[in-house]
K.L.:
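Encoded as structure tokens, here's the structure I'll be asking about.
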Amino acid sequence: MSTLRVDQILASAAIAFTLVAPVQALGQQTDPPQSGLTGQAKVGDTSPGETLTAPPANAAQAAAPASTLEQDRTADPLASLDPADRAIAERVRDLLAVKLDRIFTDEKVQAAVEAFYQKRNLAPLWLDKGVENARSKAVIARLKNADADGLDHTDYKTPAFAGLSPDALAEAELSLTQTMLTYARHLQAGRMPHRQVREDNIALPQRAPDPAVVLAAVSEANDVGLALDQFSPPYENYQKLKAALAQLRGKTAGGSGDAIAPGRVLTLNRKRPMEDARVPQLRERLGVSGEATDLRYDEKLAEAVKEYQRSNDLPPTGNLDARTVKKLNPTNDNRIDTIIANMERWRWYHRDVRKSRVEVNEPDFTLKVIQDGRQIWTSRVVIGKPSMPSPLLAQQMDSISINPTWKVPASIVRNEYLPAEAKEPGTLARMGFRMKRVDGEVEITMPPGGLNPLGHIRFNFFNRLTVFQHDTPDQYLFAHVVRAESHGCMRVQDAPKYAEVLAGMVHPEEQWTAEKVKSLYADGIEQEISLESGPIWIYLTYQTAFVDDAGKLQIRRDLYNLDSRVLAAIKEAQARANPALEGKSEPTMAAPAPAGPVQRRKATDQVRS
């Protein structure tokens, strides 16, 4: 081989090495070279005893392969991508640089999306080699089934990837990312800030998921549906409502075949029960057991009709009349909207379910104590009147006060007690109240004792809305069917037993009983039983729709018009182009910071009762 030929080969080899090595180092799969002109000579390229080396022109050239590799990594992060994906990634890079705020209106989401795509060298999430992948199909299927969670699938626009240019595919890529993140936010935290429903009486965290967490979960999951499931409310009540919603919609989809036909009014006659062909269908609809051949409108069925009427704001006559038939029929079933409103409210609560908690359902006027996920006690409660509604909140229980002093809130002093005193001087003193002026303001208190509106016990969970639970001297209120008669606090029917249950959960070694609690009344000295080491949380909820322990859907009256407010706010959110829970325009309400000891003592000064 001539010297000239060898020099030409060496020069070509050096050039080829600098071009190919960086690509191979980045993991690019290349075809075997045809000519053998690479950075390492193949056997047979030289004569025996001849060494194939390319003397560098200078020192800089000797270091060229390593430095070029590092430069290429920095300059071209797309080098490892498939050519089809690279064209899309280049356009994604342009969109991230100049049009990101047009697609993602929230600054936190923008930052998370940009960081996510940069970390993956701008590789598409929903496309492989320019073609829609299985992950994309799974997410789109999930979005189209958003109605199952009480959402509306029409709110989540999904792109069609087939036949698009690289530029259009990049737009579709980011559009689906935006839609998926919106869905995850709606699924976890709801479609609008709860202050749009009621600004002054809800103290819940309503935290949207971190978009970076959502992106990581979806991109790394083998099952996208399960990955998104983790953002739905973790409460059993929510899951039961989801199942009930599917069942109701299944019946509605059946059309008139599932409807109860109009007919004569069925009334209860114990001696000679009326018979009607609609009775088996009615019995099935209301969950009343019986034989399919039994057509009698008996006492058991009439009682079930009465309960249904009572739960649906109909006159509880127990008669199957035209109004009741209309309400029962799936095509006129407004229970679907009621369930949707309740599912939306569950999204406002904490993500972590407290296994030991007190759960109040305000429209049902009930309280349940749950320990390690199991209900151990329940009681009736009195809640706030519609003009002074009890709030929605989730807060840790702090203590139980025995023989509490009631300091009347300023609003009650101003609006009720001072006008009463002005009208008839001495009224408050006769009622046992004490009045004094503090810093120019009238302060009214009621000392411990049987006349105290708080009764003998107050259950403390310090909150900015100054509501608590307590005993009451007016025990007759618990016999009422509708028990919405307080200023916002909740009165508990058997307060000594309630104290026993709570204290027993936190301090089992002290063997608290209702009798032991009552024994502390006599000295009239205020004492406290701490619950902070529990901890026990209290959830004030507004469940106008819930599934009871027997698996039956229950509907309660919308006393505070929260259902109608929620449904109206949902429609308003849908009317906006891209409602955001977080960001400059609509920040969520953060959970209130725990009060310190001094703040907590002050928090007990005023209780709405």
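Since we're looking at a predicted model, the values are computed, not measured. For the single chain, residues carry numbers from 1 onward in sequence order.
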K.L.:
Is there any salt bridge (charged side-chain N to carboxylate O under 4.0 Å, His left out) pair reaching into residues 116-139, and which pairs are they, with sequence neighbours excluded?
P.N.:
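Passing the test, one end in residues 116-139: no pairs.
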K.L.:
Can you tell if the side chain of K242 reaches within under 4.5 Å of the side chain of M343, non-hydrogen atoms only?
P.N.:
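SC-SC contact between K242 and M343 confirmed.
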K.L.:
To the nearest 0.5 Å, what is the distance between CZ on R191 and CG on D152?
P.N.:
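Those atoms lie 7.0 Å apart.
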K.L.:
Do the side-chain N and O atoms of T324 and Q309 include a donor-acceptor pair separated by under 3.5 angstrom?
P.N.:
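On atom types as modelled, these side chains qualify, holding a pair under 3.5 Å.
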K.L.:
Using residues 367-381 as the side-chain source, report each donor-acceptor pair under 3.5 Å to any protein atom, sequence neighbours left out, with the distance given to one decimal.
P.N.:
{"from": "T378", "atom 1": "OG1", "to": "L367", "atom 2": "O", "distance (Å)": "2.8"}
{"from": "R380", "atom 1": "NH1", "to": "F478", "atom 2": "O", "distance (Å)": "2.7"}

K.L.:
Are any side-chain N or O atoms of R91 and backbone N or O atoms of A170, one a donor and one an acceptor, separated by less than 3.5 Å?
P.N.:
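The answer is no, because no donor-acceptor pair under 3.5 Å joins these two groups.
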K.L.:
Is there side-chain contact between Q554 and V547, with at least one heavy-atom pair below 4.5 Å?
P.N.:
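Result no, sub-4.5 Å side-chain heavy-atom pair not found.
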K.L.:
Just so I know, are the side chains of Y539 and L392 near enough to count as touching, which here means a heavy-atom distance under 4.5 Å?
P.N.:
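The answer is no; the side chains never approach within 4.5 Å.
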K.L.:
Do R354 and D352 meet the salt-bridge criterion of a basic N to acidic O distance under 4.0 Å?
P.N.:
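Salt bridge present between D352 and R354.
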K.L.:
Would you check if there is a donor-acceptor pair between the side chains of N361 and Y542 at a distance under 3.5 Å?
P.N.:
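Side-chain D/A pair, Y542 to N361: absent.
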K.L.:
Just so I know, are the side chains of E362 and Y560 near enough to count as touching, which here means a heavy-atom distance under 4.5 Å?
P.N.:
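E362 vs Y560: side chains touch.
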K.L.:
Tell me whether N463 contacts the main-chain N or O of V467 through its side chain, where contact means a donor paired with an acceptor under 3.5 Å.
P.N.:
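Looks like yes, one N/O pair under 3.5 Å.
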K.L.:
Quick one: are R347 and Q206 in side-chain contact, heavy atoms under 4.5 Å?
P.N.:
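They are not in side-chain contact.
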K.L.:
Where is the tightest heavy-atom contact between A227 and A217, given as atom of each residue plus distance?
P.N.:
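Residues A227 and A217, closest heavy atoms: CB-O, 3.7 Å.
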K.L.:
Supply the atom-to-atom distance S390 OG to F365 CZ, rounded to the nearest 0.5 angstrom.
P.N.:
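If I round to the nearest 0.5 Å, the distance is 10.0 Å.
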K.L.:
Could you tell me whether the side chains of N145 and R142 share a donor-acceptor contact shorter than 3.5 Å?
P.N.:
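On atom types as modelled, these side chains do not qualify, holding no pair under 3.5 Å.
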K.L.:
Once rounded to the nearest 0.5 Å, what's the spacing between atom CD1 of I88 and atom CG of L122?
P.N.:
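The CG atom of L122 is 12.0 Å from CD1 of I88, to the nearest 0.5 Å.
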K.L.:
Take Y238 and D149 through the side-chain hydrogen bond (donor to acceptor under 3.5 Å, both in side chains) test and state the conclusion after the steps.
P.N.:
CA-CA 9 Å; Y238 176 90; D149 277 280; 2.7 Å; yes
K.L.:
Side chains of Y235 and V353: closer than 4.5 Å at any heavy-atom pair?
P.N.:
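The answer is yes; the side chains approach within 4.5 Å.
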K.L.:
Measure the spacing between CD1 of I536 and CD of Q395 and express it to the nearest 0.5 Å.
P.N.:
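Answer for the CD1-CD pair, I536 versus Q395, is 14.0 Å.
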K.L.:
Do we see a donor-acceptor contact under 3.5 Å between the side chains of Y156 and H186?
P.N.:
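Present: a donor and an acceptor within the cut-off.
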K.L.:
Once you measure the plane-to-plane angle for F461 and F468, does it fall in the parallel (<30°), tilted (30-60°) or perpendicular (>60°) bin?
P.N.:
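Because their plane-to-plane angle lies in the 30° to 60° range, the rings of F461 and F468 count as tilted.
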K.L.:
Going by the ring pair (Phe, Tyr, Trp, His ring centres under 6.0 Å) test, which pairs reach into residues 114-144, not counting sequence neighbours?
P.N.:
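Passing the test, one end in residues 114-144: no pairs.
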K.L.:
Is it true that T544 and D558 share a donor-acceptor pair across their side chains at a distance under 3.5 Å?
P.N.:
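Result is no, nothing qualifies.
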K.L.:
Quick one: which residue pairs count as a salt bridge (charged side-chain N to carboxylate O under 4.0 Å, His left out) with a foot in residues 540-557, not counting sequence neighbours?
P.N.:
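Salt bridge (charged side-chain N to carboxylate O under 4.0 Å, His left out) check on residues 540-557 returns D313-R557, D364-R556.
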K.L.:
Side-chain polar contacts of residues 157-167 - donor-acceptor pairs under 3.5 angstrom, sequence neighbours left out - could you list them?
P.N.:
{"from": "K157", "atom 1": "NZ", "to": "T154", "atom 2": "O", "distance (Å)": "3.0"}
{"from": "S165", "atom 1": "OG", "to": "A168", "atom 2": "N", "distance (Å)": "3.3"}

K.L.:
I'd like to check the salt bridge (charged side-chain N to carboxylate O under 4.0 Å, His left out) partners of R86; sequence neighbours left out, ordered by chain and number.
P.N.:
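Checked R86 against salt bridge (charged side-chain N to carboxylate O under 4.0 Å, His left out); matches are D76, E90.
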K.L.:
How about T182 and T179: do any of their side-chain heavy atoms sit closer than 4.5 Å?
P.N.:
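The answer is no; the side chains never approach within 4.5 Å.
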K.L.:
Between D200 and R464 (salt bridge meaning N to carboxylate O under 4.0 Å), is one present in this structure?
P.N.:
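Salt bridge: no.
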